[in-house]
> 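Okay, here's the structure, questions in a sec.
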Amino acid sequence: MLAKLTGWLLLGFVRLLTGAQARWYGCPPKAEQRIYFANHQSHADLVMIWAALPEELRSITRPIAARDYWANTPVKRWITTEVFNAVYVERAATAPAAAAAPEPMQAEPAVAAAPAERIEPSMEPLLPAEAPRAEVVNELQGELDLPAPVPPPAPIAPPPFVAEPAPPPAEPAPPPTDPLAPLVEALRSGDSIIIFPEGTRGHTGEPQKFKSGLYTLATLFPDVVLVPAWIDNVQRVMPKGEIVPVPILCSVTFGAPIRVEEGEERRPFLDRARAAVIALRDI
């Protein structure tokens, strides 16, 4: 109940501040699964295009929201989750850190071997070999009538060698996070989504080159309708780096749907999608 009331209050504030005029050219507002893709000039783009949709479409359409901005405070996280039902995305995929290469072992300097001692030949005759110790003991025992010597204890066998268990194998590093995974999940659940294929906000008044995410989603879900949209004047309401909005009339123009043609490559399609968005600027 609180989320619904907050949504109505926010909707009234946005429409009072910007007008939030929606203009439909080429397609009517229809409750079907769609991917709305638009130019990106401000964080307020998300709010603007959400407010421009009619109520029956707002309930089934989820805008994407950059997690590092829209989830960095409890208030913004609650609004984007409970009011907008946004899909959080990471601005950059996290890749596992590269393992540090082991340092090469330095060879110890070779120590020069000491020269061998010279042994001079001797002309002395060889001495007789020393009698075995056991025979001398037996001979003395017979002369002194001594008791037989106690035999030495048998040598104790060393314990059997037990190899230490090998350490468990290291767990594989997690794969890089796929930034499109939340969008794929939302589309599989039947929701419509609002995306900004530039990936970041532009400053020139003309969209930057579209990234490949739109093409990937369009090929994964060929039955979802792709609707271009042009958001006008929002950058003046909340320019990059500002937190206080400025009242000014804004509008969102929705154009004719497009689709990936058979055999169409990624870059030609992305350029055509970008051109479809720019064409709505002058309508």
Side-chain angles (χ1 to χ4, degrees), residues 23 25-27 33-50 52 61-70 86-95 176-187 192-242 250-283:
R23 302 186 296 177
Y25 288 89
C27 70
Q33 191 176 23
R34 293 176 170 180
I35 297 177
Y36 299 95
F37 59 97
N39 57 314
H40 193 23
Q41 299 174 339
S42 170
H43 283 302
D45 291 338
L46 178 155
V47 183
M48 180 65 191
I49 197 169
W50 172 83
T61 304
R62 305 178 63 185
I64 67 168
R67 183 183 296 275
D68 61 331
Y69 177 82
W70 286 103
V87 180
Y88 287 121
V89 294
E90 306 292 343
R91 297 205 198 201
T94 56
T177 304
D178 183 4
L180 293 181
L183 306 182
V184 172
E185 183 180 354
L187 290 171
S192 296
I193 60 174
I194 302 169
I195 68 173
F196 306 100
E198 296 172 75
T200 186
R201 288 166 289 166
H203 305 281
T204 62
E206 192 166 293
Q208 304 176 62
K209 280 190 174 183
F210 283 5
K211 296 186 178 180
S212 60
L214 176 62
Y215 178 80
T216 302
L217 295 176
T219 53
L220 288 176
F221 301 91
D223 295 331
V224 177
V225 181
L226 307 177
V227 178
W230 176 265
I231 306 174
D232 190 39
N233 268 350
V234 175
Q235 75 279 9
R236 299 180 183 178
V237 174
M238 185 175 290
K240 189 171 184 178
E242 299 295 332
C250 302
S251 64
V252 180
T253 304
F254 298 93
I258 68 171
R259 63 186 180 90
V260 179
E261 301 295 341
E262 184 177 356
E264 188 173 17
E265 298 294 334
R266 178 181 60 183
R267 180 45 56 187
F269 167 77
L270 294 175
D271 291 341
R272 187 163 59 88
R274 177 175 174 271
V277 171
I278 296 175
L280 300 174
R281 178 177 55 184
D282 301 326
I283 293 179

> Under 4.5 Å between any side-chain heavy atoms of Trp230 and Asn39, yes or no?
yes
> Can you confirm whether Leu46 sits close enough to Tyr69 that some side-chain heavy atom of one is under 4.5 Å from a side-chain heavy atom of the other?
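The answer is no, as the side chains (C-beta and beyond) never meet within the 4.5 Å cut-off.
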> Closest heavy-atom contact between Leu226 and Ala218?
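What the structure gives for the nearest pair is CD1-CB, 3.7 Å.
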> Minimum heavy-atom separation for Gly26 and Pro257, please, with both atom names.
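Looking at all heavy atoms of both residues, the shortest contact is O-CD, 3.8 Å.
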> Find out whether Val89 and Pro179 are in side-chain contact, i.e. whether some heavy atom of one side chain is under 4.5 Å from a heavy atom of the other.
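They are not in contact (no side-chain heavy atoms under 4.5 Å apart), so the answer is no.
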> Using side chain to side chain donor-acceptor pair (under 3.5 Å) as the criterion, list what pairs up with Arg266, not counting sequence neighbours.
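Arg266 satisfies side chain to side chain donor-acceptor pair (under 3.5 Å) with no residue once adjacent residues are dropped.
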> Taking Gln208 for the side chain and Glu198 for the main chain, is one N or O donor matched with an acceptor at less than 3.5 Å?
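No, the answer is negative, given that no donor and acceptor are paired below the 3.5 Å cut-off.
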> Excluding sequence neighbours, so at least two apart, what forms side chain to side chain contact (heavy atoms under 4.5 Å, CB included) with Phe221?
Val184, Leu187, Arg188, Val224
> Would you sort out whether Val277 and Phe210 count as a side-chain contact (heavy atoms from CB on, under 4.5 Å), showing the intermediate values?
CA-CA 11 Å; Val277 171; Phe210 283 5; 4.1 Å; yes
> Which pair of non-hydrogen atoms, one from Arg62 and one from Ala86, has the smallest distance, and what is that distance?
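Smallest heavy-atom distance, with atoms named: NH2-O, 3.4 Å.
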> How about Glu185: does its CD atom have over 12 heavy atoms from other parts shown lying under 6.0 Å from it?
no
> Can you list everything that forms a side chain to side chain contact (heavy atoms under 4.5 Å, CB included) with Asp271? Sequence neighbours excluded, please.
Arg267
> With sequence neighbours excluded, tell me which residues meet side chain to side chain donor-acceptor pair (under 3.5 Å) with Tyr88.
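Residues passing side chain to side chain donor-acceptor pair (under 3.5 Å) with Tyr88: Thr80, Thr81.
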> Taking it one step at a time, do Thr253 and Asp232 satisfy side-chain contact (heavy atoms from CB on, under 4.5 Å)?
CA-CA 8 Å; Thr253 304; Asp232 190 39; over 6 Å; no
> Which is it for Trp50 and Thr61 under the side-chain contact (heavy atoms from CB on, under 4.5 Å) test, yes or no, and what are the steps along the way?
CA-CA 8 Å; Trp50 172 83; Thr61 304; over 6 Å; no
> For the pair Arg272 (side chain) and Ile258 (backbone), establish whether a donor and an acceptor sit closer than 3.5 Å, ignoring hydrogens and angles.
no
> Applying side-chain contact (heavy atoms from CB on, under 4.5 Å), run through Phe269 and Thr219 and close with a yes or a no.
CA-CA 11 Å; Phe269 167 77; Thr219 53; over 6 Å; no
> To the nearest 0.5 angstrom, please state how far the NE2 atom of His40 sits from the CD1 atom of Ile195.
11.5 Å
> Ring pair (Phe, Tyr, Trp, His ring centres under 6.0 Å) with Phe254: which residues, sequence neighbours excluded?
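Ring pair (Phe, Tyr, Trp, His ring centres under 6.0 Å) check on Phe254 returns Trp24, Tyr36.
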> Does the side chain of Leu220 reach to within under 4.5 Å of the side chain of Leu180, using non-hydrogen atoms?
no
> Checking Ser192 side chain against Arg34 main chain: does a donor-acceptor pair fall under 3.5 Å?
yes
> Kindly indicate whether the side chain of Pro222, heavy atoms from C-beta on, has any atom under 4.5 Å from the side chain of Val260.
no
> Quick one: are Tyr25 and Pro228 in side-chain contact, heavy atoms under 4.5 Å?
no
> Quick one: pull up CD1 in Ile49 and CZ in Phe37 and give me the separation to the nearest 0.5 Å.
10.5 Å
> For Ser251 versus Met48, what's the shortest heavy-atom pair and its separation?
N-CE, 3.6 Å
> Which residues pass the salt bridge (charged side-chain N to carboxylate O under 4.0 Å, His left out) test with Glu261, sequence neighbours left out?
Arg259
